[in-house]
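Everything numeric here is computed off the predicted structure, so don't read it as measured data.
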Amino acid sequence: MKRNKGSVPLLYIAHILLGLIILLPLAFALVSSLRPLDEIFRYMSPVSWRTFIPTHITFDAYVSLFVDRGFGRIFFNTFYVSIVNVVVGLVIASMAAFAFVYFEFKGRALLFFLVILTFMIPFEVIAIPLYGLVDSLGWIDTYSGIIVPGLANGLVIFLYRQFFLDLPKALIESARIDGASWFKIYAGIILPLCKPVTVSAGLLIFIHQWESFMWPLIATRSKEYKVIQVALSDFVTEFATYWNEMFAGIIIAVIVPVLVLLPLQRYFVNGIANTGSKE
């Protein structure tokens, strides 16, 4: 369809405005993390160039995060929990989807319906019974308590299943005729074809786990297992709010998913776009 030349400048203006709406809060957070605490809101009214360009740069907030607040341990906890969820979660989801597509068993449709239901139910509905289950296993305030409840992801199983449905059945049938085991078909034939959906699913799991707040807050009690989203709430106390340290923590929390997503965004988009709805 031929685009009206007059609409092109309006389109660019709309994109610029949307970009500013998204980037300006991050820019303010970055600048505020480099300012002393007493200067953060000094230049907010009226808004001027000093609002987004610091006149006195200091890294005290970042130093305080890692020296006084133990942010190194918090960063490790978040990264470790996220990576384990990605690796183990992809294995579980791909194997479950493989079974749904290539195996015939009683109750398969009902079971898949329950899988879909899992990512439609708000987490708040299952938080209390899930806590009771994890507590009965003795996993409260452990890595297992944070990681295990999130390993089976219904949305990721759905993505893998839809991708597997689009693969040619003749490929599997010829491998079975040649005597290949189901595990060899899964590991040697199916998984190498799943790079786009694997990258997409891995990014979904990583970002979801990295940004997770409620369950780590419920499942942990000590600083030893605290993750970054929970740690950000520590900067608000009864007597003061440490805005510069909070903004520094926010920048660290934001930059890691961005650095992971940017080089893989092409695979992420392709994986989502190529995941069909074949039945």
Side-chain angles (χ1 to χ4, degrees), residues 22 78 81-137 139-140 143-167 186 190-191 194-220 227-230 253-254 257 260-261 264-265 267-279:
I22 295 171
T78 313
V81 169
S82 300
I83 291 298
V84 172
N85 263 273
V86 169
V87 175
V88 181
L90 288 178
V91 173
I92 292 175
S94 60
M95 293 183 73
F98 185 83
F100 279 124
V101 174
Y102 297 109
F103 294 163
E104 294 284 348
F105 54 89
K106 189 175 181 179
R108 184 176 67 168
L110 176 60
L111 189 58
F112 183 68
F113 172 76
L114 294 176
V115 169
I116 294 178
L117 202 61
T118 60
F119 63 85
M120 294 182 178
I121 298 176
F123 175 76
E124 292 79 4
V125 174
I126 63 170
I128 294 177
L130 182 60
Y131 177 85
L133 175 61
V134 172
D135 186 38
S136 66
L137 295 172
W139 287 353
I140 295 299
Y143 284 124
S144 299
I146 305 174
I147 294 172
V148 173
L151 290 180
N153 189 304
L155 178 58
V156 176
I157 295 174
F158 174 79
L159 290 176
Y160 267 112
R161 176 185 177 272
Q162 299 306 106
F163 188 88
F164 290 165
L165 285 172
D166 287 335
L167 296 178
Y186 163 78
I190 298 298
L191 286 187
C194 297
K195 185 177 180 180
V197 71
T198 298
V199 172
S200 300
L203 287 173
L204 284 174
I205 296 173
F206 182 85
I207 293 173
H208 176 266
Q209 191 59 49
W210 185 271
E211 296 179 349
S212 180
F213 171 76
M214 179 169 288
W215 178 246
L217 177 66
I218 295 173
T220 58
V227 298
I228 195 167
Q229 300 298 335
V230 178
V254 168
V260 172
L261 181 60
L264 299 173
Q265 61 180 331
Y267 298 104
F268 179 77
V269 173
N270 288 340
I272 297 297
N274 294 331
T275 301
S277 58
K278 181 179 177 181
E279 291 295 338

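- Judged by distance alone, the side chain of R108 and the main-chain N or O of F100 form a donor-acceptor pair under 3.5 Å.
- Here I116 contributes atom CD1 and L111 contributes atom CG; the two are 10.5 Å apart, rounded to the nearest 0.5 Å.
- In plain terms, the two heavy atoms of G145 and A219 that are nearest each other are O-CB, 4.2 Å.
- For E124, the side-chain contact (heavy atoms from CB on, under 4.5 Å) test picks out P122, M214, with sequence neighbours left out.
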Pair V197-Y160, side chain to side chain contact (heavy atoms under 4.5 Å, CB included): steps then yes or no: CA-CA 7 Å; V197 71; Y160 267 112; 3.8 Å; yes

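- Legend: residues meeting side-chain contact (heavy atoms from CB on, under 4.5 Å) with L155, ordered by chain and number and at least two apart, are F119, N153, L204.
- The shortest side-chain heavy-atom distance between W210 and V81 does not fall under the 4.5 Å cut-off.
- Applying the 6.0 Å contact sphere to CZ of F105 captures more than 12 heavy atoms from other residues, nucleotides or ligands.
- A pairwise comparison of heavy atoms in A201 and V156 identifies CB-CG1, 3.5 Å as the closest pair.
- Closest approach of L90 to G202, counting heavy atoms only: CD2-N, 3.7 Å.
- Between F98 and F164, the ring planes lie perpendicular to each other; the angle is over 60°, past the 30° to 60° tilted range.
- With values rounded to the nearest 0.5 angstrom, L191 atom CG is found 9.0 Å from M95 atom CE.
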Pair V227-W215, side chain to side chain contact (heavy atoms under 4.5 Å, CB included): steps then yes or no: CA-CA 10 Å; V227 298; W215 178 246; over 6 Å; no

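- With sequence neighbours excluded, no residue forms a side-chain hydrogen bond (donor to acceptor under 3.5 Å, both in side chains) with S212.
- Evaluation of the ring-ring contact (aromatic ring centres under 6.0 Å, His included) rule for W139 yields no partner, not counting sequence neighbours.
- Note that the OG atom of S200 and the CD1 atom of I205 stand 11.0 Å from one another [nearest 0.5 Å].
- Within a 6.0 Å sphere centred on CD1 of I128, other residues, nucleotides and ligands contribute 12 heavy atoms or fewer.
- Not counting sequence neighbours, the partners of S94 by the side-chain hydrogen bond (donor to acceptor under 3.5 Å, both in side chains) test are Y186.
- For V87, the side-chain contact (heavy atoms from CB on, under 4.5 Å) partners two or more places apart in sequence, or in a different chain, are I83.
- Residues I146 and Q209 are in side-chain contact: their nearest non-hydrogen atoms beyond the backbone lie under 4.5 Å apart.
- Atom OH of residue Y102 and atom CZ of residue R161 lie 11.5 Å apart, to the nearest 0.5 angstrom.
- The two atoms that bring I228 and T78 nearest to each other are N-OG1, 2.8 Å, heavy atoms only.
- Minimum interatomic distance between G154 and T118 (heavy atoms only, all atoms of both residues): CA-OG1, 3.6 Å.
- Contact record, I92 with L151: CD1-CB, 4.0 Å, taken as the closest heavy-atom pair.
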Evaluation steps, side chain to side chain contact (heavy atoms under 4.5 Å, CB included), between Y143 and V84: CA-CA 10 Å; Y143 284 124; V84 172; over 6 Å; no

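- If you take CZ on F112 and CD1 on I157, they are separated by 8.5 Å, rounding to the nearest 0.5 Å.
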